[in-house]
Amino acid sequence: MAEEVISDFDMTLSRFAYNGKRCPSSYNILDNSMIISEECRKELKALLHHYYPIEIDPHRTIKEKLPHMVEWDGYKTFFNTLSQNNIPLFIFSAGIGDVLEEIIRQRKVFHPNIHIVSNYMEFDEDGFLKGFKGQLIHTYNKNSSVCENSDYFQQLQGKTNILLLGDSMGDLTMADGVPGVENILKVGFLNDKVEERRERYMDSYDIVLERDETLDVVNGLLQHILQQGDWTEMQGS
């Protein structure tokens with residue numbers, strides 16, 4: 001049966017778009033906040049316009065990109081199904097951990113089976129943001145290298161079957177470092193530049209969902225896997 005789910009958050013568990021309109025990421029929520037000054041907002045927008053094209057550029061290798069990187073349908077079913085079946089959900093996000101954690105809590109689906117590794121904000125004694133705690137997590141270092149100070153991966157010992165959910169090529173390494181993995185079913189959400197990226201996603205993910213604004217397919221997979229009682233269908237993936 002499903003023993004572990006490892007997932008990205010922004011644009012995977014959260015929507016990329018709704019009725020054709022782009023939805024905010026955990027960073028965008030800060031961008032749109034009234035507590036952010038106009039000067040800061042302009043700087044954030046400038047950084048986005050500079051770094052996002054680099055992140056998604058299919059003609060650059062990960063090695064070339066690394067130096068530059070220093071409401072949902074079905075979400076209740078997804079979170080509750082995992083919790084009720086005691087399946088760990090490991091959310092590995094390059095977004096802002098404080099924001100995505102608050103989103104999950106407000107939706108009342110922050111169950112004990114959830115473990116999050118993300119970028120958490122660090123404030124000074126006056127309450128001003130001074131940076132992020134620990135090593136910065138970005139699209140291309142989402143693997144055990146940023147979990148060295150956590151024993152969470154070791155706790156997964158013996159959990160040999162993994163359902164991996166992501167929306168970028170960098171998400172493919174999220175299970176790297178989990179000991180004893182035998183089967184991984186990789187589901188990719190292809191949200192943007194579909195024609196340009198389709199072939200690469202098809203070559204890398206086992207299942208590719210194009211512009212899917214729901215978790216219907218993922219929930220269907222979970223129900224099928226749980227009913228089967230094992231992951232024999234994943235053998236060889």
Side-chain angles (χ1 to χ4, degrees), residues 5-16 22-56 65-72 75-76 78-79 82-83 88-156 165-168 170-171 173-174 176-177:
V5 174
I6 298 179
S7 181
D8 173 48
F9 185 81
D10 284 327
M11 313 311 168
T12 299
L13 293 184
S14 66
R15 281 175 167 166
F16 177 82
R22 182 71 183 265
C23 295
S25 67
S26 56
Y27 285 103
N28 295 144
I29 288 175
L30 283 185
D31 295 346
N32 299 330
S33 172
M34 296 301 292
I35 66 173
I36 300 295
S37 69
E38 188 60 33
E39 181 180 356
C40 180
R41 204 185 315 279
K42 288 179 180 178
E43 289 185 15
L44 289 171
K45 186 173 291 187
L47 289 171
L48 172 67
H49 289 163
H50 176 74
Y51 288 108
Y52 184 62
I54 294 174
E55 177 183 330
I56 65 174
K65 295 178 181 183
L66 276 173
H68 301 279
M69 292 294 114
V70 172
E71 167 150 291
W72 331 310
Y75 75 92
K76 283 187 178 179
F78 175 76
F79 283 92
L82 296 181
S83 176
L89 171 57
F90 179 41
I91 297 177
F92 209 158
S93 173
I96 301 177
D98 311 73
V99 174
L100 66 89
E101 191 170 307
E102 182 62 22
I103 291 171
I104 297 171
R105 288 189 191 281
Q106 287 192 15
R107 296 299 177 183
K108 295 180 171 53
V109 290
F110 202 112
H111 303 302
N113 66 314
I114 294 176
H115 183 86
I116 297 174
V117 171
S118 188
N119 297 307
Y120 283 86
M121 296 182 285
E122 185 171 11
F123 299 88
D124 63 21
E125 58 272 14
D126 296 316
F128 291 101
L129 178 65
K130 65 178 185 179
F132 289 93
K133 301 173 183 177
Q135 182 178 348
L136 183 68
I137 300 173
H138 53 73
T139 305
Y140 296 106
N141 69 348
K142 294 171 75 172
N143 52 55
S144 60
S145 67
V146 295
C147 300
E148 292 173 352
N149 297 326
S150 170
D151 62 354
Y152 184 75
F153 271 19
Q154 294 307 314
Q155 294 174 23
L156 300 180
L165 311 175
D167 75 314
S168 73
D171 290 334
T173 64
M174 291 190 296
D176 289 6

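Quick caveat, the model's predicted, so the values are computed rather than measured.
- In this structure, the side chain of Asp124 engages the main chain of Asp126 through a donor-acceptor pair within 3.5 Å.
- Looking at heavy atoms from C-beta onward, Ile114 lies in side-chain contact with Ile104 at the 4.5 angstrom threshold.
- Residues passing the salt bridge (Lys or Arg N to Asp or Glu O under 4.0 Å) test with Glu102: none are found, sequence neighbours excluded.
- Below 30°, between 30° and 60°, or above 60°: for Phe90 and Phe92 the angle between ring planes is between 30° and 60°, a tilted geometry.
- No side-chain heavy atom of Asn113 sits under 4.5 Å from any side-chain heavy atom of Phe79.
- In this structure, the side chains of Asp171 and Thr173 stay at 4.5 Å or more apart for every pair of heavy atoms.
- Here the NE2-CG distance, from His115 to Leu89, works out to 11.0 Å after rounding to the nearest 0.5 Å.
- Summarising the geometry of Lys133 relative to Met121, their closest heavy-atom pair is CE-O, 3.3 Å, with the distance given to 0.1 Å.
- Counting heavy atoms from C-beta outward, Asp98 and Asn119 have side chains that stay 4.5 Å or more apart.
- Inter-residue side-chain proximity for Glu101 and Phe110 is flagged as met; some heavy-atom pair is nearer than 4.5 Å.
- Taking the side chain to side chain contact (heavy atoms under 4.5 Å, CB included) definition, one finds that Lys108 meets it with nothing, sequence neighbours left out.
- Residues Ile137 and Phe132 are not in side-chain contact: their nearest non-hydrogen atoms beyond the backbone lie 4.5 Å or more apart.
- Under the 4.5 Å side-chain criterion, counting only non-hydrogen atoms from C-beta, Leu82 is in contact with Val5.
- Of the possible donor and acceptor atoms, one in the side chain of Ser118 sits under 3.5 Å from a partner among the backbone N and O of Gly95.
- From Met174, atom CE reaches atom NZ of Lys142 across 5.0 Å, with rounding to the nearest 0.5 Å.
- With hydrogens and angles disregarded, no donor-acceptor distance shorter than 3.5 Å links the side chain of Ser93 to the backbone of Asp8.
- Taking 4.5 Å as the limit, some side-chain heavy atom of Tyr75 sits within range of a side-chain heavy atom of Arg107.
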